[in-house]
S.K.: 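Before we start, here is the structure in question, set down as structure tokens.
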Amino acid sequence: SWRSTLDTQWGNDTLAVRANGLMQRNKGWRDGVYENREGVHVAASYKVGPNTQIRAEHESLETRALIYQTTYSDNASYWDGKTTNDTNGTIAGPNNFGLELFGGNAYHVFSFTSPGAGVLDWRTSYRTRGTGFAIKPEGRSDIANAPRLPSREFNLGPIDSNQVRQLGTHVLSLDHRISADWFAQLAYFRMDHDAEAKNTESRATDYRVDVNRLLPNGQTNPKFGQKFADIDQQIQYQDNRVEDVRFLTTYKFEWAKAFDLKQRFSAIGGFRPERFEMWQRRMRRVDNPLVPLVTDARNIVRYRVYWDEPLKYAVGNQPPSVPGATFKYADIGFGSKEHKDLGYAQVVSNSTFFGDRVSILAGMRRDMLKRRIIQQYTNDPITGYSIYGGFDPSIKANRPGYEQNEKISVSSSNLGGVLYVLPWLGLQANYSENFGLPTSGVNKYDGGAFTPPKGKGSDLGVKVSLAQNKLYAVFTRYESS
């Protein structure tokens with residue numbers, strides 16, 4: 001692992017520029033795990049006049065990392081350790097020996113260790129059973145015949161289950177000092193965050209023993225007796241963009257006759273549009289004339305990896321090769337497209353008295369949100385593809401293609417104070433209200449959207465300081481709801 005940074009700057013009386021760069025190659029403690037980062041940050045400030053300046057910033061960061069499995073499931077501890085399927089025949093009462101069929105439905109698998117055999121249907125073959133509990137490197141005394149991880153650092157793979165995250169921020173602001181006591185700022189901010197599994201985000205999660213001496217086509221199984229896991233190809237994409245246009249102004253003054261008052265008022269207002277989009281897709285056959293339902297087991301192909309060859313194979317984002325069949329990443333998982341337009345206004349007052357021995361902070365805020373969202377709420381019963389829509393209040397049900405619309409307004413306030421009874425003894429009290437913006441996800445039982453969660457909190461405290469504040473203690477009582 002290594003990390004390299006660059007920091008340089010240049011400036012004169014009117015213009016200043018600073019640039020930072022980052023390159024990092026980090027290896028994790030698990031086998032094959034890495035996280036590589038590359039980033040750049042540039043900031044500039046231009047002084048238009050004695051009281052006015054323009055500031056701009058740009059930052060970009062790209063992170064590439066391996067998606068790895070942290071736990072593996074035991075599906076072998078029930079096996080008696082000796083019963084196997086030697087002839088591709090039928091085993092009577094397989095549960096008595098800790099075995100089971102792969103299933104009554106089709107179970108297509110491509111094994112990297114038998115590429116010449118192509119995709120085989122393992123439905124009439126057998127696999128071991130277990131508790132499904134997590135496997136530990138040292139084993140488990142609470143489970144009979146519990147398997148162990150080969151090492152604490154073990155990582156089965158695949159080697160290409162990587163994720164790319166890209167973060168970009170842009171800031172532009174105009175600062176102007178109207179007078180010595182009056183300041184104003186107009187600012188623009190934008191953040192883009194993309195996360196995508198470029199190849200596959202699927203990981204091998206299972207621990208089973210291959211008890212089939214023959215492959216389903218009758219050929220000798222080269223991995224008979226070895227541990228294995230099957231992988232279903234899946235990818236996910238997320239994109240989040242937030243913009244903010246904000247105006248801020250602050251005015252301060254002092255009035256000694258009014259108990260040595262020092263007063264500061266601030267007003268903030270702005271508009272913040274936000275967009276969020278995500279989807280999940282799985283590799284499925286999409287042209288099966290006999291079975292149009294892409295989620296049907298007959299349209300699924302899994303990849304098999306064995307525990308004696310960890311981190312050897314790449315599942316990739318390419319479809320399996322089946323003559324006469326077309327496989328693609330099908331839109332059958334959850335997806336959402338959400339737009340939020342938030343307008344907000346806030347005023348804040350900060351007052352101090354008696355030589356700063358008393359401080360009072362108060363504020364009020366008003367938020368007005370317009371939200372539009374369309375998301376996957378079910379799958380088509382014929383094709384299996386995701387159906388996007390929303391809850392239509394006029395029919396009190398979800399409707400395909402319907403975009404939910406919400407308008408929400410929330411007011412909140414806060415009030416706090418500090419009183420220094422003595423230089424070393426202070427009393428404090430605070431009250432605040434808060435709320436959270438609604439996000440994409442499941443709706444209520446009636447299909448409608450949830451209202452923003454609200455909360456409030458208060459605290460009372462005492463601060464005692466000694467030895468010129470080198471030693472102090474704070475006692476506080478909090479309440480929140």
Side-chain angles (χ1 to χ4, degrees), residues 9-20 41-60 167-192 241-275 340-353 355-356 358-370 408-418 430-435 437:
Q9 56 188 353
W10 175 88
N12 55 31
D13 292 340
T14 58
L15 177 64
V17 180
R18 182 174 183 177
N20 298 276
H41 174 260
V42 180
S45 176
Y46 177 67
K47 197 171 184 179
V48 180
N51 297 316
T52 307
Q53 69 172 347
I54 298 174
R55 294 184 293 116
E57 292 186 50
H58 166 77
E59 181 178 7
S60 61
L167 176 65
T169 58
H170 317 271
V171 180
L172 180 63
S173 66
L174 173 64
D175 301 340
H176 180 64
R177 186 164 295 282
I178 303 171
S179 68
D181 299 320
W182 192 2
F183 171 80
Q185 180 190 76
L186 180 63
Y188 169 78
F189 168 84
R190 172 174 165 173
M191 184 275 291
D192 294 277
R241 173 184 293 179
V242 179
E243 297 177 277
D244 193 1
V245 179
R246 182 187 65 193
F247 175 76
L248 176 148
T249 184
T250 299
Y251 181 76
K252 65 178 182 177
F253 64 89
E254 297 182 7
W255 190 6
K257 293 182 178 180
F259 309 106
D260 195 19
L261 170 65
K262 296 177 183 177
Q263 178 65 49
R264 181 187 297 268
F265 290 109
S266 297
I268 305 170
F271 175 70
R272 191 181 77 183
E274 180 177 350
R275 183 197 71 191
K340 298 176 185 176
D341 293 330
L342 177 67
Y344 58 90
Q346 182 178 7
V347 291
V348 180
S349 170
N350 181 209
S351 308
T352 64
F353 302 90
D356 297 337
V358 176
S359 177
I360 300 174
L361 179 68
M364 296 185 64
R365 181 180 173 108
R366 179 72 171 174
D367 291 88
M368 297 146 287
L369 174 68
K370 294 181 180 179
I408 302 169
S409 297
V410 180
S411 297
S412 56
S413 60
N414 66 279
L415 177 64
V418 177
N430 292 283
Y431 170 82
S432 62
E433 299 172 338
N434 59 77
F435 72 99
L437 295 178

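Note that these values count all heavy atoms, side chains included, but never hydrogens, waters or copies made by symmetry.
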S.K.: Taking side-chain hydrogen bond (donor to acceptor under 3.5 Å, both in side chains) as the test, write out the residues that go with D13, two or more places apart.
M.R.: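 In terms of side-chain hydrogen bond (donor to acceptor under 3.5 Å, both in side chains), with neighbours along the sequence ignored, D13 is linked to no residue.
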S.K.: To the closest 0.5 Å, what do you measure between OG (S173) and CG (D175)?
M.R.: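 Between S173 OG and D175 CG, I get 4.5 Å after rounding to 0.5 Å.
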S.K.: Passes side-chain contact (heavy atoms from CB on, under 4.5 Å), E57 versus E59? Steps please.
M.R.: CA-CA 7 Å; E57 292 186 50; E59 181 178 7; over 6 Å; no
S.K.: Partners of H170 by ring pair (Phe, Tyr, Trp, His ring centres under 6.0 Å), sequence neighbours excluded?
M.R.: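 With sequence neighbours excluded, H170 shows a ring pair (Phe, Tyr, Trp, His ring centres under 6.0 Å) to H58, given in chain and number order.
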S.K.: For residues N430 and G417, report the shortest heavy-atom separation together with the two atoms involved.
M.R.: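 Shortest heavy-atom contact: OD1-N, 4.2 Å.
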S.K.: Restricting to side-chain hydrogen bond (donor to acceptor under 3.5 Å, both in side chains), what partner residues turn up for N414, sequence neighbours left out?
M.R.: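 So N414 forms no side-chain hydrogen bond (donor to acceptor under 3.5 Å, both in side chains) with any residue.
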S.K.: Here's a test for you: under side chain to side chain donor-acceptor pair (under 3.5 Å), which of R366, R365, E433 qualifies with S413?
M.R.: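 Among the candidates, only E433 passes.
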S.K.: Is it the case that T250 and S266 place a side-chain donor and acceptor less than 3.5 Å from each other?
M.R.: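 A pair is found: one side chain offers a donor N or O, the other an acceptor, under 3.5 Å apart.
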S.K.: Rounded to the nearest 0.5 Å, how far does CD of E274 lie from CG of D341?
M.R.: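 Atom-to-atom, D341:CG and E274:CD are 10.0 Å apart.
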S.K.: I would like to know whether R272 and V242 meet side-chain contact (heavy atoms from CB on, under 4.5 Å); could you show each step before the answer?
M.R.: CA-CA 7 Å; R272 191 181 77 183; V242 179; 3.8 Å; yes
S.K.: Roughly how far apart are R177 CZ and T52 OG1, rounded to 0.5 Å?
M.R.: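 Here the rounded value is 10.5 Å.
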S.K.: Who pairs with R190 by side-chain hydrogen bond (donor to acceptor under 3.5 Å, both in side chains), at least two apart in sequence or on another chain?
M.R.: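 By the side-chain hydrogen bond (donor to acceptor under 3.5 Å, both in side chains) rule, R190 matches D192.
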S.K.: Side-chain donor-acceptor pair under 3.5 Å between S349 and Q263, yes or no?
M.R.: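 Distance-only check passes for S349 and Q263.
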S.K.: Going by the rule ring pair (Phe, Tyr, Trp, His ring centres under 6.0 Å), which residues pair with H176 if we only count those two or more places apart in sequence or in a different chain?
M.R.: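 H176 satisfies ring pair (Phe, Tyr, Trp, His ring centres under 6.0 Å) with no other residue.
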S.K.: Does T249 use its side chain to pair, donor to acceptor, with the backbone of F183 at less than 3.5 Å?
M.R.: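 Yes: the side chain of T249 pairs with the backbone of F183.
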S.K.: To the nearest 0.5 Å, what is the distance between CZ on R246 and CD on Q346?
M.R.: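 If we round to the nearest 0.5 Å, R246:CZ and Q346:CD are 10.5 Å apart.
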S.K.: Distance check, rounded to the nearest 0.5 Å: D260 atom CG versus D356 atom CG?
M.R.: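 Taking CG in D260 and CG in D356, the distance rounds to 7.0 Å.
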S.K.: Answer yes or no: are there more than 12 heavy-atom neighbours, outside W255 itself, under 6.0 Å from its atom CH2?
M.R.: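 Counting neighbours around CH2 of W255, 12 or fewer heavy atoms of other residues, nucleotides or ligands fall under 6.0 Å, so no.
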S.K.: Going by ring pair (Phe, Tyr, Trp, His ring centres under 6.0 Å), name the residues that satisfy it together with F259, two or more places apart in sequence or in a different chain.
M.R.: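 For F259, the residues satisfying ring pair (Phe, Tyr, Trp, His ring centres under 6.0 Å) (neighbours in sequence not counted) are F354.
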